[in-house]
2 protein chains.
Amino acid sequence: MTDDLVLRRQVCFALYAASRALTDVYRPILDEFGLTYPQYLVLLVLWERPDEAPTVSELGAELRLDSGTLSPLLKRLEGAGLVVRRRSARDERRVEVGLTEQGRALRERLCDVPMRIAQATGLGLGELVALRDTLTRVTDTIHRQKEQ
Amino acid sequence: MTDDLVLRRQVCFALYAASRALTDVYRPILDEFGLTYPQYLVLLVLWERPDEAPTVSELGAELRLDSGTLSPLLKRLEGAGLVVRRRSARDERRVEVGLTEQGRALRERLCDVPMRIAQATGLGLGELVALRDTLTRVTDTIHRQKEQ
DNA sequence: CACAATTAAGTTGTGCACAACTTATCGGAC
DNA sequence: GTCCGATAAGTTGTGCACAACTTAATTGTG
C-alpha cells in the first residue's frame with residue numbers, strides 16, 4: 001500500500017524520465033541547426049500548413065503552450081531568421097506567425113529526424129503507434145477533466 | 001514519407017504532452033504542501049531509504065539529474081525544513097541528504113497521491129503497468145546507447 | 001611524499017514552462 | 001458613440017533542466 005510511493009513503480013516518473021531521455025536524443029541532432037526541441041515543435045506546426053500563418057494562440061492550442069512560453073520562443077526563432085511575426089490586419093490583437101524561405105527550406109533537411117528518433121527508442125513500429133495512442137488518450141483524458 | 005513530420009504522428013510529442021499534462025495534475029495537489037514535482041521526486045527517493053542519507057550524486061543517479069539541477073532544488077527543500085545537507089565525514093567532497101522529522105512526516109500525508117494520479121489518467125491498472133514498463137524500456141535503451 | 005588526473009558539488013548562463021499581471025484591441029450592450 | 005467585459009499578446013518572476021565552468025577534496029602513479 002505505501003509501496004505505491006516507490007519511485008520505480010510510478011508511471012509518472014517513467015513518463016518524466018522517458019520524455020527527458022528522448023529530448024536528449026533530439027538535442028545533438030537539433031543543435032546542428034541551432035534549434036531546441038520546443039522550437040522544432042513550432043516549426044512542425046508551421047510546416048504542416050505553410051500558407052496559413054497561424055496566430056500565437058493557434059500555435060499554443062496545438063502545442064498546449066501559452067504566450068508566456070511562446071512569445072520569447074518565437075522572438076528567438078525570428079532572430080534566427082526562420083520565422084516572421086506580423087500583426088493581423090483585421091484584428092490588431094493577433095500576431096500571425098509565418099515561415100521565411102529559410103524556415104521553409106529547413107523542413108527537407110530535418111525530414112529524417114523522426115526515423116532516427118524512432119530507432120533510438122528500440123521499439124518496433126507497432127509498439128510506437130500503440131504507445132503514442134495510449135499517451136494521446138491519457139493527455140486527452142486529463143484535458144477533458146480540466147475543462148469541467 | 002514527409003508525412004512523418006506531422007505533429008500528431010510523433011511519439012515524442014505525445015510523450016512531451018502527456019508528461020506536462022500529468023505534471024498539471026500534480027501541481028494543485030503538491031501546491032498544498034509547497035512542493036514542485038521534481039521536489040516530490042527527491043522526497044520519494046529519500047522516503048524509500050530513510051536512514052541512508054544518499055549523496056547528491058546518488059540522488060542524481062536515481063533521478064537522472066545533475067548537480068546543476070539538484071543543488072538549488074535541495075537548497076529550497078532545506079529552506080522549507082524538509083531536508084538537511086551535511087558534508088560526509090570520510091569524504092569531504094560528498095554532501096549527504098537526509099530527511100528532517102517534518103520531511104519524514106510528509107510521507108503519510110502524501111501517500112494517496114499516486115492513486116489520485118492514476119485515476120486521472122483514465123487507464124486501468126494493467127494498462128498503467130504496461131505503459132510504465134514500455135516507457136522504462138525506452139529510457140533504458142536510450143541510456144544504454146549513450147554510454148557507448 | 002609529490003603531483004597530475006579524477007571526482008563531487010556548486011555556480012553561471014540559456015531556454016523552456018507556467019502563474020500572475022499588464023497593455024492594447026475588439027465586441028457587444030446600451 | 002460610449003463604456004464594459006472579453007480576448008490576444010507580451011512581461012515578470014520562479015523553478016526546473018542542462019551545458020560549461022569553478023572549486024575543493026581525493027585517488028592513483030611515480
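Lettering follows sequence order; numbering is per chain, from 1.
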Q. Does the Ser19(A) side chain pair with the main chain of Leu15(A), one donor and one acceptor, at a distance under 3.5 Å?
A. no
Q) Once the angle between the rings of Tyr40(B) and Trp47(B) is folded into 0 to 90°, is it parallel (under 30°), tilted (30 to 60°) or perpendicular (over 60°)? A) perpendicular
**Q.** Nearest-angstrom distance from the residue atom CG of Leu70(A) to P of dT12(D)
**A.** 18 Å
Q: Look at Ser67(A) and dA9(D) and indicate whether a side-chain polar atom (N or O) is within less than 4.0 Å of OP1 or OP2.
A: no
Q | Test item: Ser67(B) side-chain N/O and Leu70(B) main-chain N/O as donor-acceptor pair under 3.5 Å | A | no
Q. Can a side chain N or O of Arg85(B) be found less than 4.0 Å away from OP1 or OP2 on dG10(C)?
A. yes
Q) Could you state the CZ-P distance from Arg93(A) to dG5(D), rounded to the nearest angstrom? A) 16 Å
Q: Please round to the nearest 0.5 Å and tell me the distance separating atom CZ of Arg107(A) and atom CG of Leu46(A).
A: 11.0 Å
Q | Rounded distance in Å - CZ (Arg94(B)) to P (dA9(C)) | A | 7 Å
Q.
Within residues 47-61 of chain A, which residues have any heavy atom lying less than 4.0 Å from an atom of DNA chain C?
A. none
Q.
Using 30° and 60° as the class boundaries, would you call the ring planes of Tyr26(B) and Tyr37(B) parallel, tilted or perpendicular?
A. tilted
Q. Partners of Val95(A) by side chain to side chain contact (heavy atoms under 4.5 Å, CB included), sequence neighbours excluded?
A. Val56(A), Arg85(A), Arg87(A)
Q: Answer yes or no: is there an ion pair linking Arg137(A) with Asp140(A), defined by an N-O contact shorter than 4.0 Å?
A: no
Q. Quick one: Glu92(A) CD to dT7(D) C1', roughly how many Å, whole number?
A. 15 Å
**Q.** N/O donor-acceptor pair under 3.5 Å between Arg64(A) side chain and Arg20(B) backbone
**A.** no
(Q) How many whole angstroms separate atom CG of Leu77(B) from atom P of dG10(C)? (A) 13 Å
Q.
Whole angstroms only, please: what is the CZ-P distance between Arg90(B) and dT26(D)?
A. 12 Å
**Q.** Heavy-atom donor-acceptor pair, Glu58(A) side chain to Thr55(A) backbone, under 3.5 Å
**A.** yes
Check: protein-nucleotides 14-18 of chain C nitrogen or oxygen pairs below 3.5 Å:
residue: dC16(C); atom: OP1; partner: Thr36(A); partner atom: OG1; Å: 2.6
residue: dC16(C); atom: OP2; partner: Gln39(A); partner atom: NE2; Å: 2.9
residue: dC16(C); atom: OP2; partner: Arg76(A); partner atom: NE; Å: 2.7
residue: dC16(C); atom: OP2; partner: Arg76(A); partner atom: NH2; Å: 2.9
residue: dC16(C); atom: O5'; partner: Arg76(A); partner atom: NH2; Å: 3.2
residue: dA17(C); atom: OP2; partner: Tyr16(B); partner atom: OH; Å: 2.4
residue: dC18(C); atom: OP2; partner: Arg20(B); partner atom: NH1; Å: 2.9

